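Please read the structure below before turning to the comments.
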There are 2 protein chains.
Amino acid sequence: MKATIIDVAKDSGVSVATVSRVVNGNYPVREKTRLKVEDAIKKLEYVPNLQARELNMQRSSSIGVVVPSFDNMFFAEVLDGIEEHLRQSSYSLLLACAQNDAAREEECVRDFITRNVSGVIVVSPNTEMAVSDFYENTAARLPLVFVNSAREIAGISYVTSDQSSGARAALEHLFHYGHERILFVQGENSDSYRIKEKVYRSVMQERGTFHEADIVNIGEGNRIETVENTMFILMDMMLGFAPTAIFCCNDLMAMGALNACQRMGRRVPQDISLIGYDNTALSRYTAPNLTTIDQHMGDLGREAARLMLKRIEDGVTESVVLANTVVERGSTGFRVEES
Amino acid sequence: MKATIIDVAKDSGVSVATVSRVVNGNYPVREKTRLKVEDAIKKLEYVPNLQARELNMQRSSSIGVVVPSFDNMFFAEVLDGIEEHLRQSSYSLLLACAQNDAAREEECVRDFITRNVSGVIVVSPNTEMAVSDFYENTAARLPLVFVNSAREIAGISYVTSDQSSGARAALEHLFHYGHERILFVQGENSDSYRIKEKVYRSVMQERGTFHEADIVNIGEGNRIETVENTMFILMDMMLGFAPTAIFCCNDLMAMGALNACQRMGRRVPQDISLIGYDNTALSRYTAPNLTTIDQHMGDLGREAARLMLKRIEDGVTESVVLANTVVERGSTGFRVEES
DNA sequence: TTGAAAGCGCTAACAC
DNA sequence: GTGTTAGCGCTTTCAA
């Protein structure tokens, strides 16, 4: 049987209170007594029972994290950041995956509530409105932090990355290299595409180089198939029209674009410049490495964890917007005049 | 304040014992009484306190999972499988990341012990021997399941994928295409490299085409940098020697090899065949798509979770070996005689 | 079919 | 500095 605090107390000839004080180091204990107790702890291999402690202290030392899926490295990288920050704290991480499903996401959060977590971090919460009511109610019961959500609910802390500025920076980067007509590659069903499209439209219109046909929608943008779909669609397009630059809404699409260029014999960046979005590890796997916009997923995760701890410990709801930054690598360069 | 079982009992005019019976449905309760209690539960938004239940029942309903990192999609895919299986059970998943570090891995497991988990699943445990003793002791205290470990410790359940046969199949695949001299690319600190190396050595020696220099070690094999490191090392090698085929121990390395070929102007698969290992999503992102060996990470994860539950519930230690299968895509083809 | 009550292991008053 | 003890919320015998 596992040793309890009572066993330690008996073995070292002191009371349980003293053992508790030694274990927690929160009250003075005479040196000699402490040593006796510590010996007994070692001898009996005593490990405090966390459930008992938490029951007594009316708290819980775990934080629930819900991610939509593991298909996209984006989420794994956010998770990594959360884990890293939580590891420094006394909290541990309970993980659940919503499988891109709104109902499932709600189920995950409910399950966390039953498990009595101290709070829940939801990464890219589902946008279906049905869930909204649920979160509104939940926020009253439990600290909640949303990562990259467009929704605004009182009492919830948010960490978002500034994709508007990011998109603008991406375009500026291409303008800087002399590109004028820029293909815009996006997908379906995500606010993040809408945000970037809006910026693209206004910036291009301002410069008088906007063409409706330059906006390409490749469908679902967060699947394994995204890369291939993008490749085929762009190969098809490039048969008739040769852009000197392409701005892709995520790195998967950019990877597809890169593959399309390779197949069409277009050199990157000599013939065509390519810029992706997110700066997932993927962007460093390609040849040439992808120029991309960093959403700092690790920071996104770390901030989410930080806001959660702040909310739990100080009761403060806070929101943070992280800057997006251009990461220049090998897939962008000066536009060369067509011969 | 959160409602407790006592509040529900008072509100519905019964004893806490009855409420407990209604909640758990493990003893007969009169229909009428049950309805009264259920009403009170709904009204008070009562959610049972898990810590209290676990303390009383002397059990814990969480399982710890340690992964080495998130840089390699391999681990995320295994994690996905574990999560999926655990979701069907009454256990939840505590996650920790060892950052490819043996000491950190041990720390993660120790932390889980403090948290009183029901068991720990270690994905690709670090091979440093220092940890071995630790696990030997831990196995006596706690259900342990290892995923893809070559170590054999009594009392631990293992899920491994048959990388021996997989490595053999990979080589056969290349032989089939007429390749004779095959570069072997591996990394450090993982049993999975040792297993494949052993097969590689014996198979090549048998055919009389073994050269010690054909074994390339690119260092740490599960980092973002792995791709780049592999690329540079191989570019360097290929300056002096032109293999017609390369067998890489994981898809990251294969990606690096592919990049090296592109930089060196070697066409894949016309000039050189490339085979990876794992069949991570990455292998479908490249152009050409990577021929690789599928380790069925989802199954690996699901099996690990299944064995863990079996060990916890029936006390049975079991080991399972999953088959590896060749997934042929575009990066391998017939060897062409040098002109 | 139900209730009373004894813990599960721990912390934190409160007493000395 | 140290011991005694009353809970934390729940399950489960044992009686009724």
Side-chain angles (χ1 to χ4, degrees), chain A residues 1-41 44-62 90 112-118 141-142, chain B residues 1-41 44-62 90 92 113-118 141-142:
Chain A
M1 237 4 253
K2 269 187 65 175
T4 74
I5 199 170
I6 297 179
D7 300 323
V8 178
K10 277 188 184 141
D11 191 273
S12 49
V14 300
S15 72
V16 292
T18 301
V19 178
S20 173
R21 294 194 262 257
V22 171
V23 170
N24 297 297
N26 47 0
Y27 288 94
V29 173
R30 189 182 303 158
E31 176 78 8
K32 217 174 115 191
T33 318
R34 214 196 62 224
L35 291 174
K36 266 197 307 188
V37 173
E38 280 168 351
D39 279 352
I41 288 177
L44 300 174
E45 295 190 308
Y46 168 69
V47 180
N49 180 312
L50 206 78
Q51 280 106 323
R53 171 182 284 159
E54 296 191 342
L55 172 58
N56 184 289
M57 297 177 75
Q58 316 241 61
R59 61 187 291 271
S60 148
S61 61
S62 56
S90 59
F112 281 148
I113 293 175
T114 306
R115 302 207 113 78
N116 213 13
V117 296
S118 288
R141 299 185 119 225
L142 191 76
Chain B
M1 237 4 252
K2 267 187 67 172
T4 75
I5 200 171
I6 297 179
D7 300 323
V8 177
K10 276 189 187 139
D11 191 273
S12 49
V14 299
S15 72
V16 293
T18 301
V19 176
S20 173
R21 291 181 187 115
V22 170
V23 170
N24 296 299
N26 48 358
Y27 289 95
V29 173
R30 191 183 303 158
E31 176 77 9
K32 215 173 118 191
T33 318
R34 216 197 60 224
L35 291 174
K36 264 196 309 190
V37 173
E38 281 169 351
D39 279 353
I41 288 176
L44 301 173
E45 294 190 311
Y46 169 68
V47 179
N49 181 312
L50 206 78
Q51 281 107 321
R53 169 182 286 161
E54 296 190 343
L55 172 58
N56 183 288
M57 298 177 74
Q58 315 241 62
R59 62 187 290 272
S60 148
S61 61
S62 57
S90 60
S92 57
I113 293 174
T114 306
R115 300 207 114 78
N116 213 13
V117 296
S118 289
R141 296 184 122 225
L142 191 74

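Since the model is a prediction, treat every value here as computed from it, not as a measurement. Residue numbering restarts at 1 for every chain, and letters A, B, ... go by the order of the sequence lines. Note that these values count all heavy atoms, side chains included, but never hydrogens, waters or copies made by symmetry.
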Inset, instruction - Could you verify whether a donor N or O on one side chain and an acceptor N or O on the other, from B:S60 and B:R115, lie under 3.5 Å apart? - result: no
Legend entry - Residues touching DNA chain C, which here means a heavy atom under 4.0 Å, drawn from residues 31-38 of chain A: none
Legend entry - Side chain to side chain, A:I41 and A:V23, heavy atoms closer than 4.5 Å: yes
Legend entry - nucleotides 10-16 of chain D: protein proximity per nucleotide (B base, S sugar-phosphate only, - neither; heavy atom, under 4.0 Å): BBBB---
Inset, instruction - Can you measure from CZ (A:R141) to NZ (B:K2) and round to the nearest 0.5 angstrom? - result: 6.5 Å
Legend entry - OG-CG distance between B:S12 and B:D7, expressed to the nearest 0.5 angstrom: 10.5 Å
Legend entry - Any B:Q58 side-chain N or O less than 4.0 Å from OP1/OP2 of C:dG9: yes
Inset, instruction - Nearest 0.5 Å please: distance from the OH atom of B:Y27 over to the CZ atom of B:R21. - result: 7.5 Å
Legend entry - Under 3.5 Å: donor-acceptor pair, side chain of A:Q51, backbone of B:L50: no
Legend entry - B:R53 CZ to B:N56 CG distance, which is reported to the nearest 0.5 Å: 9.5 Å
Legend entry - Interatomic distance where CD belongs to B:E54 and C1' belongs to D:dC8 [whole Å]: 15 Å
Inset, instruction - For B:Q51 and for A:V14, locate the closest nucleotide of DNA chain D by heavy-atom distance; then report the residue assigned to the nucleotide nearer the 5' terminus. - result: A:V14
Inset, instruction - Measure the distance from CG on A:L55 to P on D:dA6 and round it to the nearest whole Å. - result: 17 Å
Legend entry - CG-CG distance between B:N49 and A:L55, expressed to the nearest 0.5 angstrom: 6.0 Å
